[in-house]
Amino acid sequence: MGDRIDLRVLTRVDDSYHDISNCEFANDKLGPGKFTMDHLKVLRESKVILDNIINKEFIQTKDARRLIIPSFQANGLEAEIKLTKLVEPGLYTIQHLGSVDIPYLVNDLSVLRVKTIPRLKFIKKKNYYHSIKNARLLHDAIKKERRLEKKKSSSYWRSPSNDNDIVKTETDWTRKTWFPSLRIGSPINIPFDL
């Protein structure tokens, strides 16, 4: 969709695929700069996924508020999951759900069983829950959209008096972006559509 992401979680609706979550992986030897760049990339991609789902014609306001896009980032033996949500029109929030340090010394293997594995299971469960919920909302919206297209097709005959009963609505829930360009020396554009 937006950036090149290491792992995308997709849902299939009929013959099309749609993103519902994303993950980024990096070697910890690349330094803190790579971690920061990946962090911004994962959050930016979560916003793009959220905007794509919300901008579907039949996503309702209550459904837009329920959408939560999970993103996973691993850097060496450390990992974290963040949840992106659209709270109000133009107001995106990021929640740090949890982080995991994977032990690599023999003396720390007890931590693996007691702390790391339960955290990884919790992260997996939350990511799965939000991904399934988002996929269902997206699936329902696309099905409604396709039913309307089928009704509007030439094979479906309606009386001319019913042409005004279908009103297309637009949502003003999304903003362009809040991240600056990644190119060095490029100007920072702050959106004023708040």
Side-chain angles (χ1 to χ4, degrees), residues 1-11 17-55 67-88 90-135 138 174-194:
M1 237 182 224
D3 290 311
R4 286 183 35 199
I5 294 291
D6 291 341
L7 176 67
R8 296 178 185 279
V9 178
L10 304 169
T11 184
Y17 292 92
H18 304 274
D19 290 345
I20 53 174
S21 183
N22 64 78
C23 307
E24 189 70 26
F25 304 94
N27 187 338
D28 62 344
K29 293 181 174 97
L30 298 174
K34 174 67 172 161
F35 176 79
T36 304
M37 295 294 283
D38 283 353
H39 184 74
L40 292 173
K41 185 164 59 166
V42 163
L43 294 179
R44 189 171 46 247
E45 187 65 22
S46 294
K47 180 196 175 297
V48 169
I49 293 170
L50 188 60
D51 289 349
N52 183 46
I53 295 173
I54 289 172
N55 287 330
L67 284 169
I68 296 174
I69 306 299
S71 59
F72 181 79
Q73 180 184 4
N75 189 18
L77 295 175
E78 298 175 13
E80 63 183 24
I81 188 167
K82 298 205 181 282
L83 304 175
T84 305
K85 183 175 179 158
L86 185 61
V87 180
E88 290 292 328
L91 178 62
Y92 298 85
T93 61
I94 309 293
Q95 177 186 0
H96 178 81
L97 183 63
S99 59
V100 177
D101 294 326
I102 301 171
Y104 57 92
L105 298 175
V106 175
N107 297 339
D108 295 335
L109 287 181
S110 62
V111 174
L112 181 69
R113 189 186 55 180
V114 175
K115 188 176 176 184
T116 305
I117 291 177
R119 279 191 180 179
L120 285 171
K121 285 181 178 179
F122 174 76
I123 287 173
K124 176 185 170 188
K125 182 179 175 182
K126 282 294 189 180
N127 196 354
Y128 177 76
Y129 169 76
H130 290 300
S131 297
I132 293 298
K133 181 181 69 169
N134 294 343
L138 180 64
T174 58
R175 284 180 38 195
K176 302 279 188 273
T177 186
W178 70 81
F179 287 112
S181 174
L182 295 177
R183 289 185 222 121
I184 297 173
S186 62
I188 296 175
N189 296 323
I190 299 172
F192 292 102
D193 60 342
L194 296 176

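FYI, side chains are in, hydrogens and waters are out, and symmetry mates aren't considered; it's all heavy atoms of this structure. None of these values were measured; they are calculated from a predicted model.
- Remark: side-chain polar atoms of Ser21 are paired, donor with acceptor, to backbone N or O of Pro70 under 3.5 angstrom.
- In this structure, CD1 on Ile81 lies 7.5 Å from NE2 on His130, to the nearest 0.5 angstrom.
- For Lys126, the NZ atom sits in a loose shell: 12 or fewer heavy atoms of surrounding residues, nucleotides or ligands are nearer than 6.0 Å.
- Side-chain contact check for Leu43 versus Lys82: some heavy-atom pair is nearer than 4.5 Å.
- A distance of 12.5 Å separates CD of Glu45 from CZ of Arg4, quoted to the nearest 0.5 Å.
- In terms of heavy-atom proximity, Leu138 sits nearest to His18 at CD2-CB, 3.2 Å.
- For Asn22, the side chain to side chain donor-acceptor pair (under 3.5 Å) partners two or more places apart in sequence, or in a different chain, are Ser46.
- Note that CG of Asn75 and CG of Asn27 are 8.0 Å apart. Values are rounded to the nearest 0.5 Å.
- Between Lys41 and Gln73 the shortest side-chain heavy-atom distance does not fall below 4.5 Å.
- The closest side-chain heavy-atom distance from Glu80 to His96 is below 4.5 Å.
- The line from CD1 of Ile94 to OG1 of Thr84 is 3.5 Å long, rounded to the nearest 0.5 Å.
- Counting heavy atoms from C-beta on, the side chains of Leu50 and Leu67 come closer than 4.5 Å.
- The salt bridge (charged side-chain N to carboxylate O under 4.0 Å, His left out) test applied to Lys34 returns Asp38, not counting sequence neighbours.
- Annotation: side-chain contact (heavy atoms from CB on, under 4.5 Å) contacts of Phe25 (sequence neighbours excluded): Asp6, Leu7, Cys23, Phe72, Ala74.
- The closest side-chain heavy-atom distance from Asp51 to Tyr92 is below 4.5 Å.
- Here the side chains of Ile53 and Ile69 are in contact, with some heavy-atom distance below 4.5 Å.
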